[in-house]
Trainee: 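Sending over a structure as structure tokens; questions will come in a sec.
As the structure is a prediction and not an experimental result, all values here were calculated from the model. We use all heavy atoms of the structure for the numbers below, so side chains are in, but hydrogens, waters and symmetry mates are not.
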Protein chains: 2
Amino acid sequence: MNFADASSTRSVRLFEAFAAVGAPQSLSEISNLLATPLSTCHGLVKALQNGGYLYSNNVSRRHYPTRRLLQIAETIAANDPVLKYFDAHMAELRDTTEETVILGTLQKDAVVYLNVVESPHSIRYSARPGDMKPLHSSALGKLMLGESEKKVREGFLKTLPLDAVTQNTLTTPDVLRRDLEQSRDRGFYMTRGENVSEVLAMAAPVRIGGEIYGVVVAGPIGRMESKQAEIEDALTTACTRISGDFG
Amino acid sequence: MNFADASSTRSVRLFEAFAAVGAPQSLSEISNLLATPLSTCHGLVKALQNGGYLYSNNVSRRHYPTRRLLQIAETIAANDPVLKYFDAHMAELRDTTEETVILGTLQKDAVVYLNVVESPHSIRYSARPGDMKPLHSSALGKLMLGESEKKVREGFLKTLPLDAVTQNTLTTPDVLRRDLEQSRDRGFYMTRGENVSEVLAMAAPVRIGGEIYGVVVAGPIGRMESKQAEIEDALTTACTRISGDFG
DNA sequence: AAGAGTTTTTCTGTATTATGAATTTTGCCG
DNA sequence: CGGCAAAATTCATAATACAGAAAAACTCTT
């Protein structure tokens with residue numbers, strides 16, 4: 001394979017680093033952060049400066065991004081034909097449940113978080129858009145398996161290594177298959193410490209243009225259990241409404 | 001020179017393209033947008049997918065960014081030690097003047113827009129963060145020249161090609177030097193169709209940690225002239241307040 | 001003001017990546 | 001359900017960007 005990982009995504013990794021440290025950086029600091037030689041970083045920084053993405057303080061000689069990237073990212077987010085319709089409903093769901101709400105979909109042999117709206121509590125399920133989760137142990141992953149066509153599902157059940165991510169992970173195809181069937185019938189999927197111990201997650205599907213999306217509410221087991229019925233209710237009605245918006 | 005332009009900034013150019021077209025794209029469409037071979041785009045898209053930046057619709061086979069980039073850009077913007085203090089004042093200035101307000105600084109031998117807050121009017125000065133403007137013909141550029149140390153200023157006056165960007169551009173060092181002196185004395189810099197005809201811009205300096213920043217109010221000449229005194233007033237008080245926030 | 005240390009910039013061989021053609025897969029229509 | 005067209009993926013090679021070292025610029029201290 002010929003993945004242009006190192007080079008072509010280095011600019012993105014630079015922005016990641018800026019988000020992580022949250023402060024202007026000198027060239028040598030950037031070199032450290034990216035674990036990349038100074039000369040390489042020099043070229044990259046200069047290129048991004050020319051593109052108007054980075055500016056340097058003439059006094060401190062440190063670099064920081066302009067608002068250009070933000071502007072582009074906002075434009076992209078505003079134009080997404082699917083995600084933008086979820087926004088309001090996800091925010092509402094977060095407000096009523098007071099737990100983290102996540103939108104995700106199937107990507108190759110994993111689930112990718114397309115958007116995350118975090119709980120207001122300081123103890124909360126915390127995640128970022130772009131995070132990937134395994135199919136067999138996460139609520140979203142099980143949703144994707146359960147809602148896929150039988151052929152696809154059985155293919156995954158045959159080939160996926162059902163690693164025991166935690167003690168509660170379902171690690172045999174038969175047990176997992178049964179769980180998927182039950183979940184499908186009742187309309188939502190659930191994990192109880194199967195991917196992250198202490199986390200209970202509930203996921204319901206939304207179909208748009210033939211594509212399967214999943215909305216998850218996730219939080220610490222204790223707090224989630226105490227309001228499980230309400231969450232179940234809020235989640236399923238939210239998903240119905242979202243589907244309705246596209247009807 | 002060894003600028004890693006083509007390769008290392010290709011991921012950023014891809015996001016630019018997504019912002020421009022505002023819709024999911026197939027691999028071949030991406031190839032067209034970036035004027036880059038399919039195989040190259042394939043590697044790039046795969047790398048960005050692995051990083052959680054892009055997701056593909058399994059039905060339409062089109063790609064679109066997740067909210068990951070937005071999340072990173074927002075984190076970066078929130079942490080900027082300088083720009084975030086300007087935000088409120090720039091928004092207020094935009095509201096009182098009803099014209100586009102821009103923050104910029106000196107970058108090499110040009111001025112770069114760090115942030116742009118646009119006028120509510122449909123006829124307005126429109127620009128994006130990251131845009132570059134010449135030093136001799138833009139209000140911000142003249143501000144940078146006028147506020148720099150004499151040595152720096154004279155260096156620029158000697159070496160800059162004072163191109164006639166419009167008919168009103170000041171194209172001789174002597175005329176420009178006089179304009180800078182007058183502007184410096186009265187506390188703000190001004191262009192009247194010197195960089196873009198029909199545009200009147202007024203810029204006032206803000207000094208932070210030895211670094212010179214400039215705040216500009218720009219709009220169509222007619223509208224700007226009719227409220228020039230108010231704008232002058234609002235601009236200078238805003239800049240004073242911003243400086244105060246750092247005092 | 002002058003020197004020592006630090007940081008930035010330049011330079012060139014080498015290794016990695018981009019490329020275009022061939023292959024495979026996928027979607028579509030009869 | 002099978003054949004065709006279009007798109008995605010792989011592969012070998014040519015081209016380009018990367019990395020390390022050396023030079024230059026800048027800072028800070030004396």
Trainee: Verify the contact: side-chain N or O of B/H42 to OP1 or OP2 of D/dA8, cut-off strictly under 4.0 Å; return yes or no.
Mentor: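 False: B/H42 side-chain N/O out of range (4.0 Å or more) of D/dA8 OP1/OP2.
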Trainee: Would you mind reading off the distance between A/L44 atom CG and C/dT9 atom P, rounded to a whole angstrom?
Mentor: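 Interatomic distance, CG of A/L44 to P of C/dT9: 13 Å.
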Trainee: Rounded to the nearest Å, what distance is computed from the CD atom of residue A/Q25 to the P atom of nucleotide C/dT8?
Mentor: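 Distance, rounded to whole Å: 11 Å.
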Trainee: Measure CG/B/L27 against P/D/dT10 and give the value in whole Å, please.
Mentor: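 In whole Å, D/dT10 P lies 12 Å from B/L27 CG.
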Trainee: Nearest whole Å is fine: how far is D/dA7 P from B/N57 CG?
Mentor: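 In whole Å, D/dA7 P lies 16 Å from B/N57 CG.
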Trainee: Does anything in residues 58-90 of chain A form a ring pair (Phe, Tyr, Trp, His ring centres under 6.0 Å)? List the pairs, not counting sequence neighbours.
Mentor: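 Qualifying pairs, neighbours excluded: A/F18-A/Y64, A/Y85-A/F246, A/F86-A/Y213.
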Trainee: List the protein contact pattern of nucleotides 20-27 of chain C with one symbol per nucleotide (5' to 3'): B for base contact, S for sugar-phosphate-only contact, - for none; contact means a heavy-atom distance under 4.0 Å.
Mentor: B-----SS
Trainee: If only side-chain N and O atoms count, and only distance matters, is there a donor-acceptor pair under 3.5 Å linking A/S7 with B/S7?
Mentor: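 Their side chains do contain a donor-acceptor pair, which is all the 3.5 Å distance test asks for.
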Trainee: Report the distance from atom CG of B/L38 to atom P of D/dT9, rounded to the nearest whole Å.
Mentor: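 Roughly 10 Å, once rounded to whole Å.
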Trainee: Would you mind reading off the distance between A/E29 atom CD and C/dT7 atom P, rounded to a whole angstrom?
Mentor: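 It works out to 9 Å between those atoms.
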Trainee: Hey, is A/D245 close enough to A/K84 for a salt bridge, meaning N to O under 4.0 Å?
Mentor: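 Judged by the 4.0 Å cut-off on N to carboxylate O distance, A/D245 and A/K84 do not form a salt bridge.
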Trainee: I need the CG-P distance between B/L14 and C/dA18, as an integer number of Å.
Mentor: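 Answer to the nearest Å: 13 Å.
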Trainee: For C/dT6, does OP1 or OP2 lie under 4.0 Å from any side-chain N or O of A/S28?
Mentor: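 Answer is no, no contact under 4.0 Å.
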Trainee: Base, sugar-phosphate, or nothing for A/R10, non-hydrogen atoms under 4.0 angstrom?
Mentor: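 A/R10: backbone/sugar contact only, no base atoms under 4.0 Å.
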Trainee: How would you list, by chain and number, every residue that makes a salt bridge (charged side-chain N to carboxylate O under 4.0 Å, His left out) with B/R153, sequence neighbours excluded?
Mentor: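 B/R153: no salt bridge (charged side-chain N to carboxylate O under 4.0 Å, His left out) contacts found.
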Trainee: Could you verify whether a donor N or O on one side chain and an acceptor N or O on the other, from A/S26 and A/S28, lie under 3.5 Å apart?
Mentor: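 Distance-only check passes for A/S26 and A/S28.
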Trainee: Compute whether any side-chain donor of one residue and acceptor of the other, for B/Y53 and A/E16, lie under 3.5 angstrom apart.
Mentor: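 Present: a donor and an acceptor within the cut-off.
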